[in-house]
> 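Dropping a structure here in structure tokens format, bear with me for questions.
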Amino acid sequence: MTPADDNPPRTAAGPLPGLAADRVIAVVRAPLVPDPPALCAALAAGGIRWVEFTCTTPGLPAVLRSATAAGTGCRIGAGTVLTAAQAHAVLDAGADFLVTPGCRAPVAAAGRSAGVPVILGALTPTEVAQALDLGAAAVKVFPARAFGPRYLKDLAGPYPGVPLVASGGVSAANAADFLAHGALAVCAGTDVLPPDAVAAGDWAGITRRALAFTAALASG
């Protein structure tokens, strides 16, 4: 069987409801997150309601528990998940979705067992097929800046209907182009969430950056 036979392409109405409308996932990659609920509230005030905290942040399970318990209205996930052990730890802490930088079968299996969607990272057409074989709810094209927005349209040719999320080097200046060329959503990283701003608790500044990012999407 082909990957398409094993895993029919998923749509935004599938395991990631609402992502097509919101169109952006904020990626929090910082050595310190002093107030996870306040960070989520700052992003939500700027129009970003999907938040991915990464496993590169020390003590991530505690960060996730704090963020999910606060009821900010954001959908909280864990990113840079590389191993089954990491997956189980963040799932136990309340992660609502998992994200990987590459095709990680153990992470996909952990998410599937927990009934939690996994966005698997890929770059080449072969890796996209592998991600679909593993049951990815969406495929994160990473690093997206390596080939630019038109590459998303190229991938959509052999993989029509597969939700693609552009990540890596996406900014307010180019995010709309990635969406226009077929991305279901984009990831906003340091353009919205500079690590020093997160560590300093500059929530007003983060809201301003989030507003600028979402405004760029609306005008694209």
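Side chains included, hydrogens not; waters and symmetry mates left out as well; all remaining heavy atoms used.
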> To the nearest 0.5 Å, how far apart are CD in E127 and CG in D133?
12.5 Å
> Are P117 and L98 side-chain neighbours, meaning at least one heavy-atom pair lies under 4.5 Å?
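No, their side chains stay 4.5 Å or more apart.
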> Strictly by salt bridge (charged side-chain N to carboxylate O under 4.0 Å, His left out), give each pair with a member in residues 190-201 just once, sequence neighbours left out.
none
> Using modelled atom types and a 3.5 Å cut-off, is there a donor and acceptor pairing between side-chain atoms of Y151 and backbone atoms of L123?
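Judged by distance alone, yes, a pair lies under 3.5 Å.
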> Could you list the donor-acceptor pairs under 3.5 angstrom formed by side chains in residues 26-35, with sequence neighbours left out?
residue: R29; atom: NH1; partner: T56; partner atom: OG1; Å: 3.3
residue: R29; atom: NH1; partner: T80; partner atom: OG1; Å: 3.2
residue: R29; atom: NH2; partner: T80; partner atom: OG1; Å: 3.1
residue: D35; atom: OD1; partner: A38; partner atom: N; Å: 3.2

> Just verifying a value: how many Å separate R209 CZ and D202 CG, rounded to the nearest 0.5 Å?
6.0 Å
> Could you check V51, I48, I119 and say which one makes a side-chain contact (heavy atoms from CB on, under 4.5 Å) with I25?
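Result for side-chain contact (heavy atoms from CB on, under 4.5 Å) with I25: I119.
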> Taking all non-hydrogen atoms of both residues into account, name the closest pair between L120 and A108 and its distance.
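Here L120 and A108 meet closest at CD1-CB, 4.2 Å.
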> For residues V81 and T100, report the shortest heavy-atom separation together with the two atoms involved.
O-CG2, 3.3 Å
> For the backbone of Q86 and the side chain of T83, can you confirm whether one donor and one acceptor N or O come within less than 3.5 Å of each other?
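Yes.
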> Just to verify, what does A84 make a side chain to side chain contact (heavy atoms under 4.5 Å, CB included) with, not counting sequence neighbours?
H88, P106
> In this structure, would V107 and L82 fall into the same cluster of hydrophobic residues linked by side-chain contacts under 4.5 Å?
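Looking at the clustering, L82 is in a separate group from V107.
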> Determine whether S167 and V186 satisfy the following criterion, side chain to side chain contact (heavy atoms under 4.5 Å, CB included), listing intermediate values before the conclusion.
CA-CA 6 Å; S167 177; V186 296; over 6 Å; no
> Only counting residues at least two apart or in another chain, list the ones meeting side-chain hydrogen bond (donor to acceptor under 3.5 Å, both in side chains) with T68.
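Partners of T68 by the side-chain hydrogen bond (donor to acceptor under 3.5 Å, both in side chains) criterion come out as none, since no residue qualifies.
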> Compare every heavy atom of G111 with every heavy atom of V118, then report the nearest pair and how far apart it is.
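It is CG2-CA, 3.8 Å.
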> Is it the case that atom CZ in R65 sees more than 12 heavy atoms from other parts of the structure closer than 6.0 Å?
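Counting other residues, nucleotides and ligands, CZ of R65 exceeds 12 neighbours.
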> Rounded to the nearest 0.5 Å, how far does SG of C74 lie from CZ of R49?
8.0 Å
> Over all heavy atoms of both residues, which pair between V198 and W203 is shortest? Give the atoms and the distance, please.
O-CH2, 3.8 Å
> Side chains of residues 172-181: which donor-acceptor pairs under 3.5 Å do they make with residues two or more places apart or in other chains?
residue: N174; atom: OD1; partner: S171; partner atom: N; Å: 2.8
residue: N174; atom: ND2; partner: G169; partner atom: O; Å: 3.1
residue: H181; atom: ND1; partner: D177; partner atom: O; Å: 2.9

> Looking only at heavy atoms, what is the nearest atom pair of E52 and A78, with distance?
CG-C, 4.1 Å
> Are any non-hydrogen side-chain atoms of C103 and L134 less than 4.5 angstrom apart?
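Yes, close enough: below the 4.5 Å cut-off.
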> Would you name the heavy atoms of L91 and A114 that are closest together and state the gap between them?
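Result for this residue pair: CD1-CB, 3.9 Å.
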> Looking at side-chain heavy atoms only, is the closest gap between T54 and L60 below 4.5 Å?
no
> Does any part of the side chain of F97, heavy atoms only, come nearer than 4.5 Å to the side chain of I76, both counted from C-beta?
no
> Do I206 and L39 pass the side chain to side chain contact (heavy atoms under 4.5 Å, CB included) test, and can you show the C-alpha distance, the side-chain angles, and the key distance before you say yes or no?
CA-CA 8 Å; I206 287 171; L39 173 57; 3.7 Å; yes
> May I ask you to decide if A42's main-chain N or O and T207's side chain share a donor-acceptor pair within less than 3.5 Å?
yes
> Between atom OH of Y159 and atom CG of L164, what is the distance when rounded to the nearest 0.5 Å?
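The OH atom of Y159 sits 10.0 Å away from the CG atom of L164.
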> Kindly write out the residues that satisfy ring-ring contact (aromatic ring centres under 6.0 Å, His included) with F213, not counting sequence neighbours, or none if the list is empty.
none
> What about F142 and V24, same hydrophobic cluster or not, with Ile/Leu/Val/Met/Phe/Trp/Tyr joined at side-chain heavy-atom distances under 4.5 Å?
no
> Indicate yes or no for a side-chain donor-acceptor contact from S66 to the backbone of V63 under 3.5 Å, with no hydrogens or angles considered.
no
> Given side chains that start at C-beta, do those of V170 and C187 come closer than 4.5 Å, heavy atoms only?
no
> With side chains defined as the heavy atoms from C-beta onward, is the minimum distance between P163 and L16 less than 4.5 Å?
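A side-chain contact is absent here, since even the closest heavy-atom pair is not under 4.5 Å.
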> Do L64 and L193 sit in the same hydrophobic cluster, where Ile, Leu, Val, Met, Phe, Trp and Tyr count as joined when their side-chain heavy atoms come under 4.5 Å apart?
yes
